[in-house]
Chemist: 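Here it is, the structure, as structure tokens.
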Amino acid sequence: MAHALTFNKSVRPRRQSPVFHPPVERAVVRRVFEKLSAKSLPPSEGPFRDKDAKLARLLEELGPLFGKSMNDALAGAVFFLTPQNMELPFPKPEPVIERGVPDIVYNVEHIHATDQPLSAGELVAHSNIESRNELAVARGEELYVLIAALLQGIGLRANIALLRESSGEMSSALCIADPETFSLVSFALPVHPSFRQIILYSDVEVLGLIQALKAFNHVKKIREVGRTGAYRSLPREAVLAEFDETDATLSTAGQAIDHPLVDSVRGIREDLDVIRREVSASRQIKHLPN
């Protein structure tokens with residue numbers, strides 16, 4: 001279901017910026033986004049769905065700040081939604097404090113206080129419970145899902161994408177098409193890398209991606225109880241249930257999307273299997289016959 005734009009040679013942005021206009025004909029952009037739109041899901045069912053109107057409230061605050069053009073909207077995303085601890089290659093003005101706009105913080109070790117798939121609305125809603133003034137993201141893909149949802153809320157067509165370089169190196173991004181002119185913009189924080197191919201994902205595939213993000217969160221919880229040794233005192237069934245949930249979520253993600261995050265999380269999960277084996281063996285030892 002993914003659609004790829006492949007270039008004859010590596011495309012190298014001429015200046016350091018998160019925003020880049022790939023050299024693609026607008027007719028090609030229109031065809032690509034028409035195909036992706038044909039596979040789109042209703043807003044209430046897709047990965048960009050709201051929860052408890054938290055996303056809508058954030059959009060109320062950011063919408064007027066985003067301006068009316070696509071470039072203005074992306075400048076607003078850079079200004080208000082770049083994690084405060086992510087170093088940009090150009091000076092960033094001191095952020096303007098806006099009521100309802102949380103500080104974005106990047107922390108790969110952050111464990112989200114939710115067991116739900118990290119749709120855009122779920123990210124905002126549960127983060128509001130964790131901290132009223134801060135929104136933590138553990139992966140760039142979480143932030144891109146949020147930004148895509150906000151851009152779609154102001155009428156732009158934004159899709160999660162993957163940039164692939166000739167060397168095989170890959171990085172996540174957003175691709176945005178202006179619905180009137182079909183000009184294409186690729187967006188990647190903190191600075192847009194060189195690339196040879198853009199892979200754009202449909203809503204259904206991004207549902208798989210947010211499942212992979214959920215599995216990543218489960219894996220970090222397992223890793224934390226392993227680091228502290230807490231799994232030795234927790235109920236055996238609870239620890240094994242966490243493994244089962246992780247495996248089931250990874251299976252769902254892998255069936256929906258071909259993305260390096262799925263393989264990465266699966267590798268971490270396999271490394272943690274020593275904990276599962278120890279927990280499984282503990283009950284057998286306790287129930288050995290006298």
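Please read these numbers as outputs of a predicted model, since none were measured by experiment. Because only heavy atoms are used, hydrogens play no part in the values below, and waters and symmetry mates are left out as well, while side chains stay in.
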Chemist: Output yes when a side-chain donor or acceptor of D52 lies under 3.5 Å from a complementary backbone atom of K54, and no otherwise.
Modeler: no
Chemist: Among the clusters formed by ILVMFWY side chains lying less than 4.5 Å apart, do M70 and F182 turn up in the same one?
Modeler: no
Chemist: Working to the nearest 0.5 angstrom, can you tell me the gap between Y144 OH and I160 CD1?
Modeler: 9.0 Å
Chemist: With a 6.0 Å cut-off (strictly less than), is the heavy-atom count around CD of E34, excluding the residue itself, greater than 12?
Modeler: yes
Chemist: How about CG on D258, more than 12 heavy atoms from neighbouring residues, nucleotides or ligands closer than 6.0 Å, or not?
Modeler: no
Chemist: If you apply the rule salt bridge (Lys or Arg N to Asp or Glu O under 4.0 Å), what do you find for D203 with K39, and how did you get there?
Modeler: CA-CA 7 Å; D203 286 359; K39 300 172 184 175; over 6 Å; no
Chemist: Does one hydrophobic cluster hold both I147 and V185, with members joined at side-chain heavy-atom distances below 4.5 Å?
Modeler: yes
Chemist: Same hydrophobic cluster for L209 and V262, using side-chain heavy-atom links shorter than 4.5 Å among ILVMFWY?
Modeler: yes
Chemist: Checking side-chain polar atoms at under 3.5 Å, does S183 have a donor or acceptor matched by the opposite partner on R26?
Modeler: no
Chemist: Should the pair D115-K214 be classified as a salt bridge under the 4.0 Å nitrogen-to-oxygen rule?
Modeler: no
Chemist: With a 4.5 Å limit on heavy-atom distance, are the side chains of V206 and V145 in contact?
Modeler: yes
Chemist: Same cluster or not: L58 versus I129, using hydrophobic residues (I, L, V, M, F, W, Y) connected whenever any side-chain heavy atoms lie under 4.5 Å apart?
Modeler: no
Chemist: List the steps and the verdict of side-chain contact (heavy atoms from CB on, under 4.5 Å) for I198 and C175.
Modeler: CA-CA 9 Å; I198 299 175; C175 274; 3.5 Å; yes
Chemist: If you measure from the Lys or Arg side-chain nitrogens to the Asp or Glu carboxylate oxygens, is any gap between E122 and K51 under 4.0 Å?
Modeler: yes
Chemist: Should E109 and R223 be marked as a salt bridge (Lys or Arg N to Asp or Glu O under 4.0 Å) after you check the CA-CA gap, both sets of side-chain angles, and the distance that decides it?
Modeler: CA-CA 10 Å; E109 298 301 330; R223 189 170 58 190; 3.1 Å; yes
Chemist: Could you walk me through whether D273 and R276 pass the salt bridge (Lys or Arg N to Asp or Glu O under 4.0 Å) test, one step at a time?
Modeler: CA-CA 5 Å; D273 204 49; R276 179 164 194 155; 5.1 Å; no
Chemist: For L36, does its backbone N or O pair with a side-chain atom of S40 as donor and acceptor, under 3.5 Å?
Modeler: no
Chemist: For a quick test of reading the model, state the closest non-hydrogen atom pair linking G153 to L59 and the distance between them.
Modeler: CA-CD2, 3.7 Å
Chemist: Looking at E242 and K221, does any basic side-chain N land under 4.0 Å from a carboxylate oxygen?
Modeler: yes
Chemist: Walk me through whether R227 and E224 qualify under salt bridge (Lys or Arg N to Asp or Glu O under 4.0 Å).
Modeler: CA-CA 5 Å; R227 184 186 67 80; E224 182 63 14; 2.6 Å; yes
Chemist: Less than 4.5 Å apart, any side-chain heavy atom of K35 and any of V32?
Modeler: no
Chemist: Between the main-chain N or O of E245 and the side-chain N or O of T249, is there a donor-acceptor pair closer than 3.5 Å?
Modeler: yes
Chemist: When the ring planes of Y201 and H259 are compared, do they come out parallel, tilted or perpendicular, using 30° and 60° as the limits?
Modeler: tilted
Chemist: Please test E237 against L240 for side-chain contact (heavy atoms from CB on, under 4.5 Å), starting from the C-alpha separation and ending with a verdict.
Modeler: CA-CA 5 Å; E237 291 75 14; L240 295 181; 5.9 Å; no
Chemist: If you compare all heavy atoms of L150 against all heavy atoms of L81, which two are closest, and at what distance to 0.1 Å?
Modeler: CD1-CD1, 3.7 Å
Chemist: Answer with yes or no whether the hydrophobic clustering places F216 together with I210; edges join I, L, V, M, F, W, Y residues whose side-chain heavy atoms lie under 4.5 Å apart.
Modeler: yes
Chemist: May I ask you to establish whether K9 and F7 are in a cation-pi arrangement, using a distance under 6.0 Å from NZ or CZ to the six-membered ring centre and at most 45° from the ring axis?
Modeler: no
Chemist: Over all heavy atoms of both residues, which pair between P117 and R49 is shortest? Give the atoms and the distance, please.
Modeler: CB-NH2, 4.4 Å
Chemist: Are any side-chain N or O atoms of E278 and backbone N or O atoms of I275, one a donor and one an acceptor, separated by less than 3.5 Å?
Modeler: no
Chemist: Could you tell me whether the side chain of S233 and the main chain of A230 form a donor-acceptor pair under 3.5 Å?
Modeler: yes
Chemist: Is there a side-chain contact between D50 and S119 in this structure, where contact means two heavy atoms from C-beta onward sitting under 4.5 Å apart?
Modeler: no
Chemist: Parallel, tilted or perpendicular, judged at 30° and 60°: which one describes the rings of H192 and F20?
Modeler: tilted
Chemist: Using the side-chain contact (heavy atoms from CB on, under 4.5 Å) rule, take L135 and L146 through it: C-alpha gap first, then chi angles, then the decisive distance, then the call.
Modeler: CA-CA 11 Å; L135 190 155; L146 173 59; 4.2 Å; yes
Chemist: Taking the six-membered ring for Trp and the single ring otherwise, decide whether the centroids of F80 and F66 are under 6.0 Å apart.
Modeler: no
Chemist: Mind checking the OG-CG spacing from S172 to L189? Nearest 0.5 Å is all I need.
Modeler: 11.5 Å
Chemist: For the pair R196 (side chain) and N8 (backbone), establish whether a donor and an acceptor sit closer than 3.5 Å, ignoring hydrogens and angles.
Modeler: yes
Chemist: State whether a side-chain donor-acceptor pair under 3.5 Å links Y106 with Q84.
Modeler: no
Chemist: Distance from L5 atom CG to L184 atom CG, nearest 0.5 Å?
Modeler: 7.0 Å
Chemist: Please identify which of these residues, T246, V225, I222, meets the side chain to side chain contact (heavy atoms under 4.5 Å, CB included) condition with L272.
Modeler: I222
Chemist: Kindly give the heavy-atom pair with the smallest separation between A212 and L261, and that separation in Å.
Modeler: CB-CD2, 3.9 Å
Chemist: Looking only at heavy atoms, what is the nearest atom pair of R157 and F33, with distance?
Modeler: NH2-O, 2.7 Å
Chemist: Under the 3.5 angstrom rule, does the side chain of N85 hit a backbone N or O of V105 as a donor-acceptor pair?
Modeler: no
Chemist: If you define the side chain from C-beta out and look only at heavy atoms, does anything of V11 sit under 4.5 Å from S194?
Modeler: no
Chemist: Keeping the roles fixed (side chain from N217, backbone from H112), state whether a donor-acceptor pair exists under 3.5 Å.
Modeler: yes
Chemist: Side chains of L163 and P193, heavy atoms from C-beta outward: is any pair under 4.5 Å?
Modeler: yes
Chemist: Would you say S202 and N159 make side-chain contact, with heavy atoms under 4.5 Å?
Modeler: no
Chemist: Do you know the tightest heavy-atom contact between P18 and P190?
Modeler: CG-O, 3.5 Å
Chemist: Can you check whether P22 reaches F195 side chain to side chain, under 4.5 Å on heavy atoms?
Modeler: yes
Chemist: What pairs meet the salt bridge (charged side-chain N to carboxylate O under 4.0 Å, His left out) rule with one or both residues in residues 138-149, with sequence neighbours excluded?
Modeler: R139-E141
Chemist: Nearest 0.5 Å, what's the CD1-CG distance between I176 and L156?
Modeler: 7.5 Å
Chemist: Atom CD of E130 and atom CD1 of I111: how far apart are they, to the nearest 0.5 Å?
Modeler: 10.5 Å
Chemist: So V137 and L123, side-chain contact (heavy atoms from CB on, under 4.5 Å) or not? Walk me through it.
Modeler: CA-CA 8 Å; V137 292; L123 178 64; 4.2 Å; yes
Chemist: Enter the distance from S127:OG to E134:CD here, rounded to the nearest 0.5 Å.
Modeler: 9.0 Å
Chemist: Suppose we screen for ring pair (Phe, Tyr, Trp, His ring centres under 6.0 Å). Which residues come up paired with H3, at least two apart in sequence or across chains?
Modeler: none
